[in-house]
**Student:** 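Next up is a structure, given as structure tokens.
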Amino acid sequence: MPLFSYCNINIIFLQINQYVFSAFSQTIRMSYPLSKTSPLVKPLLIVGGLVTGALTGFFGGGGGMLVVPVLTGVLSLNEKEAHATAIAVILPISLVSAMVYMFHGGFNVNFGFYTMFGVIFGGILGAALLKKIKNKILAFIFYTLMITVGIRLAV
Amino acid sequence: MFALFVAVGIIGGIIGGLGMGGGTLLIPLLTMLLGVNQYEAQAVNLISFIPMSIVALIIHRKNNLVKTDKIAYIIIPALISSAVLGNIASTVDTSVLKRAFGIFLVLLGILLLIKSLFADNTDED
């Protein structure tokens, strides 16, 4: 495991991103379910947890994207169970992360509550819409958008 | 002015509710459209997730979809790493954090894109 160099912030985020990429690519490769009694189960869960927490803590979200393949690949849950259980996993992590962010004065009350209520309303709407539109084209457009936005932010 | 933030929240919430990468699009919406500080955008994303996930969880539990066996092995290390990384994030310069987030979005987007090309249409919530 490479050591983090606290002397250089750029190295830190590069290393984090290398971790993210390799962790993600490994979980994508886990298209076969692991045997339930395999000795790899607990170590993989722990590593998955560490990376998920790291992503959620550092980026304020996105850990959930890693948890679902971990749950399907390591704990052999089906898609619905994995998505539902992922919420149960991410909730305490978000709580702790949120407390850390608030401790550092991250929650801005000037807009925080308005955004939060918007998100709650939108989330209910989105979940209701999900049953009507689940479309590969829509997903493709969104993920392309995500990549574009990411490039915009990164350069 | 507050209406803009509510609107952005709604958009972010809908995208998250559809399962397209959760709250991760909310953050750039806030930073790019409304000029919010990266760390504060991330904070609001984390906090917004909490009430929604509680509601979703109650519903999923009723449907017996939440399988809690061994999830402590995921959660406990994650609590530690998220606390550590959350603290590190507060010390990182906001432009650096923004750039790192951008790279993260690119990687995440590529992975989700590839995954969606192989998916079938049975996803939910």
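In what follows, chains are A, B, ... by sequence order, proteins preceding strands, each numbered from 1. FYI, side chains are in, hydrogens and waters are out, and symmetry mates aren't considered; it's all heavy atoms of this structure.
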**Student:** CD1 of I87(A) to CZ of R61(B): how many Å apart, nearest 0.5 Å?
**Tutor:**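 Answer rounded to 0.5 Å: 13.0 Å.
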**Student:** With chain A, which of G23(B), G13(B), S90(B) has the greatest number of heavy-atom pairs at distances under 4.5 Å?
**Tutor:**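 Result: the option with the highest number of such pairs is G13(B).
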**Student:** State plainly whether one hydrophobic cluster holds both L97(B) and V100(A), where clusters connect Ile, Leu, Val, Met, Phe, Trp and Tyr through side-chain heavy atoms under 4.5 angstrom apart.
**Tutor:**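 L97(B) does not cluster with V100(A).
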**Student:** Under a 3.5 Å distance rule, please check whether T85(A) uses its side chain to pair with a backbone N or O of K67(B) as donor and acceptor.
**Tutor:**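 At least one qualifying donor-acceptor pair exists.
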**Student:** Go through Y114(A) and L4(B) one step at a time and tell me if the side-chain contact (heavy atoms from CB on, under 4.5 Å) criterion holds.
**Tutor:** CA-CA 9 Å; Y114(A) 300 127; L4(B) 280 174; over 6 Å; no
**Student:** Rounded to the nearest 0.5 Å, what separates atom OH in Y39(B) from atom CG in N108(A)?
**Tutor:**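 Separation between the atoms: 13.0 Å.
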**Student:** Examine whether an atom of M99(A) lies under 4.5 Å from a heavy atom of chain B, and if so say whether it belongs to the side chain, the backbone or both; otherwise answer neither.
**Tutor:**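 No part of M99(A) comes within 4.5 Å of chain B.
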**Student:** Ignoring hydrogens, what is the shortest heavy-atom contact between F104(B) and G62(A)? Give both atom names and the distance.
**Tutor:**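 Scanning both residues, the minimum pair turns out to be CZ-CA, 4.0 Å.
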**Student:** Heavy-atom distance under 4.5 Å to chain B: side chain of F107(A), backbone, both or neither?
**Tutor:**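 Both backbone and side chain.
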**Student:** Output the distance between atom CD1 (I74(B)) and atom CD1 (I90(A)), rounded to the nearest 0.5 Å.
**Tutor:**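 So the CD1 of I74(B) and the CD1 of I90(A) are separated by 9.0 Å.
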**Student:** Under 4.5 Å heavy-atom distance to chain B, tell me which part of T148(A) shows up: side chain, backbone, both or neither.
**Tutor:**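 The answer is neither part of T148(A).
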**Student:** Run the side-chain contact (heavy atoms from CB on, under 4.5 Å) check on S116(B) and Y143(A) step by step: do they pass?
**Tutor:** CA-CA 9 Å; S116(B) 75; Y143(A) 299 141; 3.8 Å; yes
**Student:** Within the distance-only criterion (no hydrogens, no angle test), does the side chain of E81(A) pair as donor or acceptor with the backbone N or O of V66(B) below 3.5 angstrom?
**Tutor:**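 No.
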**Student:** Provide the closest heavy-atom pair for P28(B) versus V149(A) in the form atom of the first, atom of the second, distance.
**Tutor:**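 Nearest heavy atoms, P28(B) then V149(A): CB-CG1, 3.3 Å.
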**Student:** Heavy-atom cut-off 4.5 Å, strictly under: side chain, backbone, both or neither for F49(B) against chain A?
**Tutor:**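 Contact with chain A: side chain only.
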**Student:** Apply side-chain contact (heavy atoms from CB on, under 4.5 Å) to residues M102(A) and I47(B) and explain how you reach the verdict.
**Tutor:** CA-CA 9 Å; M102(A) 286 196 284; I47(B) 295 168; 3.8 Å; yes
**Student:** Select one option (side chain, backbone, both, neither) describing which atoms of L77(A) are under 4.5 Å from chain B's heavy atoms.
**Tutor:**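 Only the side chain of L77(A) comes within 4.5 Å of chain B.
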**Student:** What's the spacing between L26(B) CG and M116(A) CE if we round to 0.5 Å?
**Tutor:**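 So the gap between those two atoms works out to 12.5 Å.
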**Student:** Select one option (side chain, backbone, both, neither) describing which atoms of V41(A) are under 4.5 Å from chain B's heavy atoms.
**Tutor:**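 It is the side chain, since no backbone atom gets that close.
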**Student:** Is N37(B) close to chain A through its backbone or its side chain, or both, or neither, when contacts mean heavy atoms under 4.5 Å?
**Tutor:**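 Contact with chain A involves no heavy atom of N37(B) at all.
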**Student:** Is any side-chain heavy atom of I10(B) less than 4.5 Å from a side-chain heavy atom of V119(A)?
**Tutor:**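 Result no, sub-4.5 Å side-chain heavy-atom pair not found.
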**Student:** Say you draw a straight line from CE of M146(A) to CG of L25(B); how long is it, rounded to the nearest 0.5 Å?
**Tutor:**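 M146(A) atom CE to L25(B) atom CG measures 4.5 Å (nearest 0.5 Å).
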**Student:** Do you know which of G123(A), G53(A), G48(A), G106(A) has the most heavy-atom pairs under 4.5 Å to chain B?
**Tutor:**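 The answer is G53(A).
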**Student:** So for S53(B), is it side chain, backbone, both, or neither that comes closer than 4.5 Å to the heavy atoms of chain A?
**Tutor:**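 Both backbone and side chain.
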**Student:** Is L29(B) close to chain A through its backbone or its side chain, or both, or neither, when contacts mean heavy atoms under 4.5 Å?
**Tutor:**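 Neither part.
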**Student:** How close do A98(A) and I50(B) get, counting heavy atoms only, and between which atoms?
**Tutor:**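 Closest approach of A98(A) to I50(B): CB-CD1, 4.2 Å.
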**Student:** Is the number of heavy atoms from other residues, nucleotides or ligands under 6.0 Å of I76(B) CD1 greater than 12?
**Tutor:**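 No, CD1 of I76(B) has 12 or fewer neighbouring heavy atoms, counting only those of other groups under 6.0 Å.
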**Student:** In this structure, would I147(A) and I137(A) fall into the same cluster of hydrophobic residues linked by side-chain contacts under 4.5 Å?
**Tutor:**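 No: no chain of side-chain contacts under 4.5 Å links I147(A) to I137(A).
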**Student:** So which part of V36(B) gets closer than 4.5 Å to some heavy atom of chain A, the side chain, the backbone, both or neither?
**Tutor:**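 Side chain only.
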**Student:** Do V6(B) and T115(A) come within less than 4.5 Å of each other through their side chains, counting heavy atoms only?
**Tutor:**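 Heavy-atom side-chain distance check fails, nothing below 4.5 Å.
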**Student:** Is there a ring-ring contact (aromatic ring centres under 6.0 Å, His included) between F111(A) and F2(B) once you walk through the steps?
**Tutor:** CA-CA 7 Å; F111(A) 64 84; F2(B) 75 90; over 10 Å; no
**Student:** Under a 4.5 Å heavy-atom cutoff, which of S94(A), G61(A), G63(A), G112(A) has the most pairs with chain B?
**Tutor:**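 Option with the greatest count: S94(A).
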**Student:** Could you please spell out the steps behind the side-chain contact (heavy atoms from CB on, under 4.5 Å) verdict for L85(B) and T56(A)?
**Tutor:** CA-CA 8 Å; L85(B) 270 295; T56(A) 312; over 6 Å; no
**Student:** Output the distance between atom CD (Q38(B)) and atom CZ (F59(A)), rounded to the nearest 0.5 Å.
**Tutor:**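 Spacing of CD (Q38(B)) from CZ (F59(A)) equals 9.0 Å.
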**Student:** Please report the shortest heavy-atom distance between L79(B) and P92(A), naming the atom on each side.
**Tutor:**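 For L79(B) versus P92(A), the nearest heavy atoms are CD2-O, 3.5 Å.
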**Student:** Which one wins on heavy-atom pair count under 4.5 Å against chain B: L95(A), L91(A), I124(A)?
**Tutor:**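 Heavy-atom pairs under 4.5 Å are most numerous for L91(A).
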**Student:** With side chains defined as the heavy atoms from C-beta onward, is the minimum distance between T31(B) and L153(A) less than 4.5 Å?
**Tutor:**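 The answer is yes, as the side chains (C-beta and beyond) meet within the 4.5 Å cut-off.
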**Student:** Give a yes or no on whether the backbone of A54(A) and the side-chain of S81(B) come within a donor-acceptor separation of less than 3.5 Å.
**Tutor:**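 Flag set: sc S81(B) to bb A54(A) pair under 3.5 Å.
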